[in-house]
Amino acid sequence: MEKLKNFGADLKYAFHVICHPLDGFWDLKHEKRGRAYISVLFLVMYVITSILNKQFNNYTFNEFKVFPEDINIVGTFVTTALVVVIWVAANWGLTTLFDGEGSMKDVFLYTGYSMLPLVLSQIALIPLTNILTVNEATIVTLVTVLGYGWSAILLYTGTMTTHQYSGGKTFIIILAILLGMVIIVFISILFFFLVQEIWNFIYTIYRELELRR
């Protein structure tokens, strides 16, 4: 019962964070109000609601209704996890170089909490897309933009508050983080192909030696 009560309090605080981001993110770090399991929960809920949207949104607003075979649950989980890991790594690495005050855990915490509006918007879209017509598509667009926009503002505010940057510096740092993420992905792909080529080379030599015995 005590654990359930604590969970309720932590969940309630998450709504306080998204409604009062400056105070919320400050307390998240300095007052130790953040909970890692809440961040994980919101990230998992984001993946689940994304999959539910693809599955249950009305076909008028949902291309996956036409091509249901394109719904990939494992791929969605892996992609989301990789994006979060790369964001956290690039964020922490760059902000450490530019006098950022947040730890890797702090970055993960505010990233997870920032996903809540996006989760809520995706939950709302399931019934909306099934009762609205094409002529009312503006409402669907509005809810979608609101979810993404609110989460983006929270990520911006979380970065600014956690690392103690000014507004302008935060904007520049976020651009640098996004560039850093692209570089990390590019280097990872190059590394993967390099390892693949080395393996193919070693395997070819092995096969040649086997044939000459």
Side-chain angles (χ1 to χ4, degrees), residues 7 10-11 14 17-18 28 34-57 59 61-96 102-126 129 143-156 158-159 162 173-200 203:
F7 173 74
D10 291 336
L11 197 59
V17 171
I18 67 172
L28 207 69
R35 299 291 182 268
Y37 80 92
I38 291 291
S39 287
V40 172
L41 173 65
F42 290 154
L43 291 168
V44 170
M45 286 181 64
Y46 165 71
V47 175
I48 292 173
T49 52
S50 295
I51 294 168
L52 291 176
N53 272 207
K54 294 174 183 177
Q55 186 71 41
F56 297 110
N57 282 8
Y59 71 92
F61 308 97
N62 186 4
E63 63 181 27
F64 290 95
K65 282 287 187 180
V66 182
F67 304 104
E69 65 276 6
D70 290 342
I71 300 175
N72 188 333
I73 296 176
V74 175
T76 303
F77 266 101
V78 171
T79 301
T80 302
L82 282 176
V83 170
V84 171
V85 168
I86 294 171
W87 159 264
V88 171
N91 189 315
W92 177 77
L94 281 169
T95 54
T96 299
S103 65
M104 189 172 286
K105 180 182 178 181
D106 293 329
V107 174
F108 175 73
L109 284 175
Y110 81 71
T111 299
Y113 277 73
S114 297
M115 299 301 292
L116 179 54
L118 190 52
V119 170
L120 295 176
S121 70
Q122 292 191 140
I123 292 173
L125 284 174
I126 295 175
T129 57
V143 173
T144 303
V145 171
L146 180 63
Y148 279 99
W150 195 350
S151 286
I153 290 171
L154 289 173
L155 279 174
Y156 175 86
T159 302
T162 300
I173 285 293
I174 288 178
L175 290 179
I177 291 169
L178 294 176
L179 178 60
M181 292 174 69
V182 173
I183 293 172
I184 289 173
V185 171
F186 179 71
I187 292 174
S188 298
I189 292 173
L190 283 181
F191 180 75
F192 171 77
F193 282 114
L194 178 62
V195 170
Q196 188 177 47
E197 287 298 319
I198 292 172
W199 168 253
N200 289 336
Y203 182 72

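Throughout, residue positions are numbered sequentially from 1 according to the sequence presented. Being a predicted model, the structure only gives us computed values, none of them experimental.
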Of V145, L146, T144, the residue whose pairing with Y148 passes side chain to side chain contact (heavy atoms under 4.5 Å, CB included): T144

With N91, the side chain to side chain contact (heavy atoms under 4.5 Å, CB included) member among T159, I173, T162: T159

Looking only at heavy atoms, what is the nearest atom pair of G180 and A90, with distance? C-CB, 4.4 Å

Do L175 and L179 touch side chain to side chain, with heavy atoms closer than 4.5 Å? no

Who are the side-chain contact (heavy atoms from CB on, under 4.5 Å) partners of L94, not counting sequence neighbours? F98, A176, I177

Determine, stepwise, if the pair W150 / L116 fulfils side chain to side chain contact (heavy atoms under 4.5 Å, CB included). CA-CA 9 Å; W150 195 350; L116 179 54; over 6 Å; no

Under 3.5 Å donor-acceptor, D106 side chain and S103 backbone: yes

To check you understand the geometry: which heavy-atom pair defines the closest contact between I123 and M45, and what is its length? CD1-CE, 4.5 Å

For Y37, I'd like to know if atom OH has over 12 heavy atoms of other residues, nucleotides or ligands within 6.0 Å. yes

Can L118 and F42 be said to form a side chain to side chain contact (heavy atoms under 4.5 Å, CB included), step by step? CA-CA 9 Å; L118 190 52; F42 290 154; over 6 Å; no

Tell me whether W92 at atom CH2 has more than 12 heavy atoms from other residues, nucleotides or ligands lying less than 6.0 Å away. no

Of the non-hydrogen atoms in R35 and Y113, which two are nearest, and what is the gap between them? N-OH, 3.1 Å

Is there a donor-acceptor pair under 3.5 Å between the side chain of S114 and the backbone N or O of S151? no

Over all heavy atoms of both residues, which pair between F77 and I48 is shortest? Give the atoms and the distance, please. CZ-CG1, 4.4 Å

Nearest heavy-atom contact between I18 and P117 is CG2-CD, 4.0 Å

CG on L120 to OG1 on T49, rounded to 0.5 Å: 9.0 Å

Residues Y46, V84; criterion side chain to side chain contact (heavy atoms under 4.5 Å, CB included); working and verdict: CA-CA 12 Å; Y46 165 71; V84 171; over 6 Å; no

Under a 4.5 Å cut-off applied to non-hydrogen side-chain atoms, are L155 and Y110 in contact? yes

Roughly how far, to the nearest 0.5 Å, is the CG atom of L82 from the OG atom of S188? 9.0 Å

In terms of heavy-atom contacts, S121 and G147 come closest through OG-CA, 3.5 Å

